[in-house]
Amino acid sequence: MENGTAYFVKKDSIVREIWGKSDTILLIFAGAAAEFALSKAVDWLYFTGKLPADPIGRLFSTVSYAKRIVFSKEKEAFQAIQAINSIHSDLEEKRGYKIPDWAYRDVLFMLIDYSIRAYEVLERPLTETEKEEILRVFNKLGKGLQIPDLPQSFSNWKTAREEHLLTNLKYSDYTKDLFIQYRRQLGAVRYHMLLGLQGIVVPKRVHELMGFKKTSIYPTLISGYKLTKAIRLDDFFKSLILPSKYKKEIKGLDEKFENRKLGD
């Protein structure tokens, strides 16, 4: 607490460390881009036409929005959450029926799972206590979003996550179309980089449905990337992943986190 105002996420939380690094966020984004495309509720994302028109931008903004909530004070975070609720309500009214509860839980589960997976790929294994903290933070977000039936322990969450992966994903025409749009936006080289990164971060079920290769050079490249951070070349490699229109946004993610650590 500072000046009598609490933050949505405590300053010493592992969630702040995870969501304060642009390379981790980019890996979260890569995994979510694959799983979003496989969701049986992806038709909701197509309803407005905004996702197929700019899938990279829409998914990137979703992940960035979650980051902003993580670093906000509680009042501002809950205002942002209420704005999300209003957007969803308007969408449901226009379409004439509600987004299923399981679809909301799926998105929340993705944020939890890829937060863990991305951090462990790039940094170190997380402790069980840290994983419970990640669940607690995102359950707080889920409660604000009025998502029911959230698992209250990490062991229960793992069970629910596996059930969701088996039940709520399928390869569909939407999946095929989204990946066509990813390639259109990224170009052939960056598109294959995206596939490679997805292959090392997604769960087994997503890996199977997407038909990703069982062997890949990307784990080796990730090890090399970790070395570039020590000699300050990581910005160059991050710039290779997404088109130039996102470079300023990616750089800003790290800058904002550093400013907060120093002055917040």
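As the structure is a computational prediction, the values presented were derived from the model and not from experiment.
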Quiz: residues 146-154 side-chain donor-acceptor pairs under 3.5 angstrom, not counting sequence neighbours:
from: Gln152; atom 1: NE2; to: Leu150; atom 2: O; distance (Å): 2.8
from: Ser153; atom 1: OG; to: Ser155; atom 2: OG; distance (Å): 3.2
from: Ser153; atom 1: OG; to: Asn156; atom 2: N; distance (Å): 3.2
from: Ser153; atom 1: OG; to: Asn156; atom 2: ND2; distance (Å): 3.1

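Taking the charged nitrogens against the carboxylate oxygens, Arg161 and Glu35 do have a contact shorter than 4.0 Å, which makes a salt bridge. A salt bridge does not link Arg105 with Glu163: none of the charged nitrogens is closer than 4.0 Å to a carboxylate oxygen.
When the ring-ring contact (aromatic ring centres under 6.0 Å, His included) test is applied to Tyr174, the partners found at least two apart in sequence or on another chain are Tyr46. Checked against ring-ring contact (aromatic ring centres under 6.0 Å, His included), Tyr119 has no partners two or more places apart in sequence or in another chain.
Within the 4.5 Å cutoff, the side chain of Ser115 has heavy atoms near those of the Phe138 side chain. Put simply, the side chain of Trp19 reaches to within 4.5 Å of the side chain of Leu111, judged on heavy atoms. Between Lys176 and Tyr171, the closest side-chain pair of non-hydrogen atoms falls below 4.5 Å. The side-chain heavy atoms of Val42 and Leu38, taken from C-beta on, include no pair separated by under 4.5 Å. Side chains of Phe47 and Glu92 form no contact here, defined as non-hydrogen atoms less than 4.5 Å apart. Looking at heavy atoms from C-beta onward, Lys204 lies in side-chain contact with Glu208 at the 4.5 angstrom threshold. You'll find the side chain of Leu195 reaches within 4.5 Å of the side chain of Phe212, heavy atoms only. Within the 4.5 Å cutoff, no side-chain heavy atoms of Glu17 are placed close to those of Glu123.
Although no hydrogens or angles enter the test, the distance criterion places a donor-acceptor pair under 3.5 Å between the side chain of Lys140 and the main chain of Phe8. A donor-acceptor pair under 3.5 Å is absent between the side-chain atoms of Tyr182 and the main chain of Leu194, judged by distance alone. In this structure, the side chain of Glu120 engages the main chain of Leu126 through a donor-acceptor pair within 3.5 Å.
One finds the CD1 atom of Ile18 at 13.0 Å from the CZ atom of Arg16 (value rounded to the nearest 0.5 Å). Atom CG of Leu165 is separated from atom CZ of Arg205 by 8.0 Å, given to the nearest 0.5 angstrom. Here the CD1 atom belonging to Ile112 is positioned 5.0 Å from the CG atom belonging to Leu135, to the nearest 0.5 angstrom. Once rounded to the nearest 0.5 Å, the distance linking CG of Asp113 with NE2 of His164 reads 12.5 Å. Here Lys67 contributes atom NZ and Thr24 contributes atom OG1; the two are 9.5 Å apart, rounded to the nearest 0.5 Å. Interatomic distance, Gln198 CD to Phe29 CZ, rounded to the nearest 0.5 Å: 8.0 Å.
Contact detail for Ala160 and Phe109: the closest heavy-atom pair is CB-CE2, 3.8 Å. Of all non-hydrogen atoms in Ala118 and Ile28, the two that sit nearest each other are CB-CG1, 3.7 Å. Contact detail for Leu108 and Gly142: the closest heavy-atom pair is CD2-CA, 3.9 Å. A pairwise comparison of heavy atoms in Trp102 and Ser39 identifies CZ3-OG, 4.4 Å as the closest pair. The two residues Pro55 and Gln181 come nearest to each other via the heavy atoms CG-CB, 3.6 Å.
Classified by interplanar angle (parallel below 30°, tilted 30° to 60°, perpendicular above 60°), the ring pair Tyr104/His88 is tilted.
Annotation: Asp173, atom CG; neighbour count of heavy atoms from other residues, nucleotides and ligands within 6.0 Å does not exceed 12.
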Check against side-chain contact (heavy atoms from CB on, under 4.5 Å), Ile69 and Ile84: CA-CA 11 Å; Ile69 291 174; Ile84 295 172; 4.1 Å; yes
CA sep, side-chain torsions, deciding dist, call: Ile81, Asn85, side-chain contact (heavy atoms from CB on, under 4.5 Å): CA-CA 6 Å; Ile81 291 168; Asn85 286 333; 4.1 Å; yes
Audit row: Lys170, Leu209, side-chain contact (heavy atoms from CB on, under 4.5 Å) steps and yes/no: CA-CA 7 Å; Lys170 69 175 182 179; Leu209 288 172; 5.8 Å; no
Check against side-chain contact (heavy atoms from CB on, under 4.5 Å), Phe179 and Met210: CA-CA 10 Å; Phe179 273 83; Met210 288 305 309; 3.4 Å; yes
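By the rule that hydrophobic residues join a cluster once side-chain heavy atoms approach within less than 4.5 Å of another member, Leu169 and Ile99 end up as members of one cluster.
Side-chain polar atoms of Thr175 and Ser172 form a donor-acceptor pair below 3.5 angstrom.
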